[in-house]
Number of protein chains: 2
Amino acid sequence: MRVSLKDVAAHAGVSIKTVSNVVNNYQHVTPAMRERVQQSIDALGYRPNLAARHLRKGRTGIIALALPELGNPYFAELAAVVIDAAAAHDYIVLLDHTGGRREQEVLVSQGFRARVIDGLILSPIELEADDLRDRAENVPLVLLGERDYDLPYDHIAIDNVAAARAAVRHLIDLGRREVAFIGARRGHSEPAQLRVRGWREELSAAGLPADDGLVAATDGWGHADGAAAMARILETGRRPDAVFAYNDPMAIGAMRVLHRQGLRVPEDIAIVGFDDVVEGRFGAVTLTSVSPDKEAIGRLAVESVLARLGGGESPEPRRVWADYHLVRRESTLGRAAPGGDGQD
Amino acid sequence: MRVSLKDVAAHAGVSIKTVSNVVNNYQHVTPAMRERVQQSIDALGYRPNLAARHLRKGRTGIIALALPELGNPYFAELAAVVIDAAAAHDYIVLLDHTGGRREQEVLVSQGFRARVIDGLILSPIELEADDLRDRAENVPLVLLGERDYDLPYDHIAIDNVAAARAAVRHLIDLGRREVAFIGARRGHSEPAQLRVRGWREELSAAGLPADDGLVAATDGWGHADGAAAMARILETGRRPDAVFAYNDPMAIGAMRVLHRQGLRVPEDIAIVGFDDVVEGRFGAVTLTSVSPDKEAIGRLAVESVLARLGGGESPEPRRVWADYHLVRRESTLGRAAPGGDGQD
DNA sequence: ATGAAAGCGCTAACAT
DNA sequence: ATGTTAGCGCTTTCAT
């Protein structure tokens, strides 16, 4: 069987409490005693039983991270950041994915998928504010991403409207006059709404068209969805001179279709993506993209969750804005772009 | 505070045991009683405390998955499969990453990163057999991936030597005569050894060169490493007519360099990757790749771990071979390849 | 500075 | 079919 505190206490000829004191680095232990107990611990190979500790303290040392899908490299990279940030606080990460489906997101938010956690970081897509309003679960919840909720939860995100405007502004500055948007999502909810809004605002401000014929809705947010959306726009006979995509995989899927149809990027059509995934730096044409500060987002999310475990006074729910910047590459600048070997 | 069994029992006017019986779907409970207790459960919003259950039963319902890096889409996609496979057995997944560094892999295998788990699935890169030989930890361990260990643990993998041979065979069949290998890893350990061996065997069998000048070692396995390796080979003045890369990101990085240098794929140099990540289907030139059956690998890994929790007789350690196949695309076949819109 | 004992919430053995 | 109780291993008062 496993070695328990009791076994160590018997072996060292002291009480359970003393062993516990040593294990937990309690202050008032004489060096001699500490030494003696440590020897028994080593001799028996004692390892604390976390389940017992958790039961006693009401903490598990686990936070859950629920993302739409790992297949999207943005989320995979974000997960890596969260794992490291959590580890810095001696926390480990339970990972779940929702497929961006409302039903799964509700289940996760209510704690039905994982009930052993101290806190939850959730990046929702279809989830509605009402789904969270009557949340019975009392583990702290931190929201991530571009949905805009008016709810008493911490929310970490970049300013998606401003970021989208910056992307479109870049295209306009390059002389583009007809900018399509790829990736408005089909269905009731509208996860891409902030980016669509930014796109529309910037075009309108410049006196350029932002009609529905320039917006392609999709079912998902993968390469194939971007390719299909691009193909659909071209089928209508419309020939925009630029495309702003909801994310990088969609932008890359769109570039594939343009390439097949003999259209040149950026000469015929310039493209901007969103998320700055590694893949975008290594295509035949590297991808200009909005680059959110993933590092900060993941770190802030972890810190926000853990801050609410303090017990006492919960701070006011905060909206935290993470940084972002636009990385200019060949899909808008052509071969004049820097970083030709993907090393930017 | 949280609602406990005791609270529910008091509310329903029954004993703790009866509530427990209802919660655990115990057989011998009258429908009337079940109904009554369930009402109290709902009324109070009772949720079982897993820490307590864990302490009592010695099970957590959590398995850990430790991967080299999430940034590699192969591993991200595999993680998704494992999460789903675990969910099918009411298990949830704790995710960790090792960076492929031996030190981290040892820590994980010894359970120092997460001690609340029922089982562990580990995909090692630098880990040596000796590191596992004196493993004190007693939670079941299942190994994943291409290293070849002679150890009493279940190991799920595809036949990497045969898969590499099939990839090189394909290149030879297309008339290529000088096939480079990109991605042999620097350092003591040799995680790519099986793929290098397959490459060497197939070339030798065909009477073609397989000298060291055709092998490019790298420090990592990302796009940038593949690009750097390709650039280094070209700098030597050597002009292979084909490249077999350790994985898809490296292959894509290599293609970027060839493109920059004005070399055409596949006309001048054909390329085969490994892992069949989504990204490979959407480049300007789609990537021929060895496609392991990720679905099977993830599912088998979960089933293997859980099979060892049965308690009683542990089955003999097994080597399980998952399926794979070679997907032929433009990077070897040119524009004649099928699936021009990435939909294969 | 160290010891004794209660109890976290649950399950399982035993009793009724 | 339901109730009683011990105890999983630990932390935490409260004593000494």
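Since the structure is predicted, the reported quantities are computational estimates derived from the model, not experimental observations. Computed from heavy atoms alone, side chains included, the values below leave out hydrogens, waters and symmetry copies. We name chains A, B, ... by the order of the sequence lines, and we start the count at 1 in each one.
- The separation between B:Arg47 atom CZ and C:dC8 atom P is 21 Å, rounded to whole Å.
- Each of B:Ala52 and B:Thr30 was assigned the nucleotide of DNA chain D with the nearest heavy atom; the assignment lying further toward the 5' end belongs to B:Thr30.
- Between the A:Thr18 side chain and the A:Val14 main chain, no donor and acceptor come within less than 3.5 Å of each other.
- Considering only side-chain N and O atoms, B:Ser20 lies nowhere under 4.0 angstrom from the phosphate OP1 or OP2 of C:dC10.
- Counting any heavy atom pair closer than 4.0 Å across all strands shown, B:Lys17 reaches a base atom.
- Rounded to whole Å, atom C1' of C:dA5 lies 11 Å from atom CZ of A:Arg56.
- OP1 or OP2 of C:dG3 sits under 4.0 Å from a side-chain N or O of A:Ser15.
- Within the 4.0 angstrom heavy-atom criterion, base atoms lie near A:Ile16.
- B:Asp148 and B:Arg319 are joined by a salt bridge, as a carboxylate oxygen and a charged side-chain nitrogen come within less than 4.0 angstrom of each other.
- Taking atom CG of residue B:Leu5 and atom C1' of nucleotide C:dT11, one finds them 9 Å apart after rounding to whole Å.
- At distances below 3.5 Å, not a single donor-acceptor pair connects side-chain atoms of B:Thr98 with backbone N or O atoms of B:Glu105.
- Between the side chains of B:His97 and A:Asp84, at least one donor N or O lies within less than 3.5 Å of an accepting N or O.
- Taking the charged nitrogens against the carboxylate oxygens, A:Glu128 and A:Arg133 have no contact shorter than 4.0 Å, which rules out a salt bridge.
- Dashed line: the shortest gap from a side-chain N or O of B:Asn24 to OP1 or OP2 of C:dT11 is under 4.0 Å.
- The interatomic distance linking B:Asn21 (CG) with C:dG9 (P) rounds to 20 Å, in whole Å.
- Comparing atom distances between the A:Val29 side chain and each of C:dT2, D:dC8, D:dT11 picks out C:dT2 as nearest.
- Under 4.0 angstrom from either OP1 or OP2 of D:dG3 there lies at least one side-chain N or O belonging to B:Thr18.
- Taking atom CG of residue B:Leu55 and atom P of nucleotide D:dT11, one finds them 12 Å apart after rounding to whole Å.
- Not one side-chain nitrogen or oxygen of A:Tyr26 sits closer than 4.0 Å to the OP1 or OP2 atom of C:dG3.
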